[in-house]
J.: 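Let me give you the structure first, and then I'll get to my questions.
Any value given below was found using the heavy atoms of this structure, including those in side chains, with hydrogens, waters and symmetry copies removed. Below, read A as the first sequence line, B as the second, and so on, with proteins coming before strands; counting in each chain starts at 1.
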Amino acid sequence: MEDNKSQGTEQETGQTPEKRNFIREIIDEDLKSGKYETVHTRFPPEPNGYLHIGHAKSICLNFGTAKDYKGVCNLRFDDTNPAKEDVEYVESIQEDITWLGFDWENRLFYASDYFEKLFEYAVILIKKGKAYVDDLDADEIRQHRGTLTEPGKDSPYRNRSVEENLDLFERMRKGEFPDGSKTLRAKIDMSSPNINMRDPVMYRILHATHHRTGDKWCIYPMYDWAHGQSDSIEGITHSICTLEFEDHRPLYNWFVEQLQIFHPRQIEFARLNLTYTVMSKRRLLQLVQEKHVSGWDDPRMPTISGLRRRGYTPESIKLFADRIGVSKADSVIDVSVLEDCLRSDLNKRAQRVMAVLHPVKLVIENYPEGQVEELEAVNNPEDESMGTRKIPFSKVLYIERDDFMENPPKKYFRLSPGAEVRLRYAYIIKCTGVVKDPKTGDIAELHCTYDTETKSGSPASQRKVKGTIHWVSAQHAVDAEARVYDRLFNVPDPGGDNWKESLNPASLEVVKGCKVEPGLAAAKVQDRFQFERLGYYCVDRDSQPGNLIFNRTVTLRDTWAKINKG
RNA sequence: UGGGGCGUAGCCAAGUGGUAAGGCAGCGGCCUUUGGAGCCGCCACUCGUAGGUUCGAAUCCUGCCGCCCCAGCCA
């Protein structure tokens, strides 16, 4: 939609600084030198799990960079391991990318699209004497590989004739051999200091049904063999991957050079780490399988589907990707950065609404019985175009339990015996009495009087009062449930073998009996609101008409909580 | 003891030989009918460290230190 290289990053500054990072520098050089004429990237997920915020960084990088350079980005599923992959994942991945706002148009590909071509390429290598069929089993291959400090040893099958290799490879494909009995290996250098170059396996025998090719194949290409050649076939110019593949780059290059096919450039960047969560697919899977969370889209999960259900916006995630930048240094981003991106987006777009999570009844003694006033409330002070709405006010209200204290500390601006407070959009009230449950001693009801002259907007309403609190009319209020989410882990870095011990037992608090303003009865799944003074909430997909359920997306910044803490 | 990378503030991150951007967090203050939002100010005499080159070094050179990745028929 916009011109290139200058799309909004720091929206609040009104600036649109050009994004700079080492990848763009490389691209600039490549374009300038004529190495490539366009920018063509790809996002290559393996469909073996749900996408998470770390993938979002990569998606924004790949799609975003291509777009800024007026190039394109493919979506390619790296589906070379049928044992771990599933269509459930290919569907969720597409949904997540689309939701983020990126479009691969007609460029949806699968590594499995290229199985035949890859097989032909392998034959070429065999004919060049650059690949061979090995009869060593997995354990023997490991033993021949050597160690980090010692060179490996050649396989006794390394020098088979081209004819024999061709024959054996063909028969591997035909299914003549059992799983694990043979592999096709690149013939490179068993003494290379780079272990990836010690005759890496290109194909393994796997009699497994693939989610797309079914039983057509019983040999499957390894990542190193499939990935670069797939990039080449698609004409990818810049193949952006994470740091752990840096060691694989010589192999990546070796294959395309041996084949003399289009040569993409692999560039590695540091993967995203976030505090107070885990990011590895293995651990996320474990959280799901062991029921520590309700599923992949549990609002506490760092998955894209979890963030979506939690109430995150695509814009907030893209803003996050811009803010954290791209580099090669291992890093851990403080989750507050993500939360700030969210707040900054939601602040501008979420409708304000009043909701009382922990209600306590408040009776205005001098307010006429049966009277109802429709008061005008602003939908979003940050955006006048969002207009206003009417909310009912009456004699009996609910206010937040936290907004009253019998013995308030200093700097407590809310309601307490004898104190005045403003009811947002309504009147200034004074607390005249407290009714307690005779048995428990809990506060059952608060009594107040209102200053009839202080209706919102009137001159007398200008009077300074320390605090303003939110409320909801008891007879008009709608019941709701709030799911109050907190961070999944108690520690910034839940690492190590006992990472599950730092799971936060209070990461979900279900609050029932909330009272929300009547207009919310019509809220639809995924609608986002700011509950004034509390935080941003969205309607959960479990919500039903008559049984409203809200997820707390994120709290508002709360300086009182900060003062209180200490 | 092999190979590949990375070290700029509590956390990210610009910077590419001319005298340390920006964001988050934190801390002060202003303003406020959300203790929200907004606004203002503070927060690296120094860039892992020790030398060297230079009029001048985070940027160039050398040594040292620290951290990450690699020994799947996973990706």
J.: Could you classify C45(B) for me, syn or anti, using a glycosidic angle within 90° of 0 as syn?
T.: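 Here the answer is syn: the torsion falls within 90° of 0.
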J.: Mind checking if R414(A) touches a base, just sugar-phosphate, or nothing, with heavy atoms under 4.0 Å?
T.: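 Answer is base: heavy atoms of R414(A) come under 4.0 Å of a base.
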J.: Answer with base, sugar-phosphate or nothing: what part of the nucleic acid does V465(A) contact at a heavy-atom distance below 4.0 Å?
T.: nothing
J.: May I ask you to evaluate whether K562(A) reaches the phosphate of G26(B), defined as a side-chain N or O under 4.0 Å from OP1 or OP2?
T.: yes
J.: Just the rounded figure in Å: distance from C1' of G36(B) to CD1 of I469(A).
T.: 16 Å
J.: Classify every nucleotide of nucleotides 65-75 of chain B by which part a protein heavy atom approaches to under 4.0 Å, writing B for the base, S for the sugar-phosphate alone and - for neither, in 5'-to-3' order.
T.: ---SBBBSBSB
J.: Taking 4.0 Å as the cut-off, does a side-chain nitrogen or oxygen of R557(A) come that near to OP1 or OP2 on G35(B)?
T.: no
J.: Which pairs, with at least one residue in residues 183-201 of chain A and sequence neighbours excluded, count as a salt bridge (Lys or Arg N to Asp or Glu O under 4.0 Å)?
T.: D134(A)-R185(A), R158(A)-D199(A)
J.: For E382(A), report the nucleic acid contact type (base, sugar-phosphate, nothing); a contact means any heavy atom under 4.0 Å.
T.: base
J.: Do the side chain of Q462(A) and the base of U33(B) come within less than 3.5 angstrom through a donor-acceptor pair of N or O atoms?
T.: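 Such a pair does not exist between side chain and base.
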J.: Under 6.0 Å from the ring centre and within 45 degrees of the ring axis: does the NZ or CZ of R173(A) meet both conditions for the six-membered ring of F119(A)?
T.: yes
J.: Between C74(B) and G15(B), how far apart are the two P atoms, rounded to whole Å?
T.: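 Straight-line distance between the two P atoms is 41 Å.
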J.: How far, in whole Å, is A14(B) from G22(B) if one measures between their C1' atoms?
T.: 7 Å
J.: Does the U33(B) base have a donor-acceptor partner in the side chain of S456(A) within less than 3.5 Å?
T.: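 A donor-acceptor contact between them is present.
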J.: E246(A): which residues meet the salt bridge (Lys or Arg N to Asp or Glu O under 4.0 Å) condition with it, sequence neighbours left out?
T.: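 Residues passing salt bridge (Lys or Arg N to Asp or Glu O under 4.0 Å) with E246(A): K328(A).
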J.: How do A270(A) and S336(A) order along RNA chain B: which one's closest nucleotide is nearer the 5' end?
T.: A270(A)
J.: For G72(B), does the glycosidic angle fall within 90° of 0 (syn) or outside that (anti)?
T.: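 G72(B): syn.
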J.: Using a heavy-atom cut-off of 4.0 Å across all strands, would you classify G467(A) as base, sugar-phosphate, or nothing?
T.: nothing
J.: Respond yes when some side-chain nitrogen or oxygen of T559(A) is under 4.0 Å from OP1 or OP2 of G36(B), and no when none is.
T.: yes
J.: Under 6.0 Å from the ring centre and within 45 degrees of the ring axis: does the NZ or CZ of K182(A) meet both conditions for the six-membered ring of F177(A)?
T.: yes
J.: Under the salt bridge (Lys or Arg N to Asp or Glu O under 4.0 Å) test, which residues partner R145(A), sequence neighbours left out?
T.: none
J.: In whole angstrom, give me the gap between the P atoms of U8(B) and U59(B).
T.: 14 Å
J.: Can you list every salt bridge (Lys or Arg N to Asp or Glu O under 4.0 Å) pair that touches residues 373-388 of chain A, not counting sequence neighbours?
T.: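 Of all non-adjacent pairs touching residues 373-388 of chain A, those that pass salt bridge (Lys or Arg N to Asp or Glu O under 4.0 Å) are E373(A)-K455(A).
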J.: Give F320(A) one of three labels, base, sugar-phosphate or nothing, depending on what nucleic acid heavy atoms sit under 4.0 Å from its own.
T.: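 Touches nothing.
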J.: Looking for any heavy atom pair under 4.0 Å, which part of the strands does K281(A) touch: base, sugar-phosphate only, or nothing?
T.: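 No contact at all - K281(A) keeps every heavy atom at 4.0 Å or more from the nucleic acid.
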J.: Only counting residues at least two apart or in another chain, list the ones meeting side chain to side chain contact (heavy atoms under 4.5 Å, CB included) with T454(A).
T.: Y427(A), I428(A), D451(A), A460(A), R463(A)
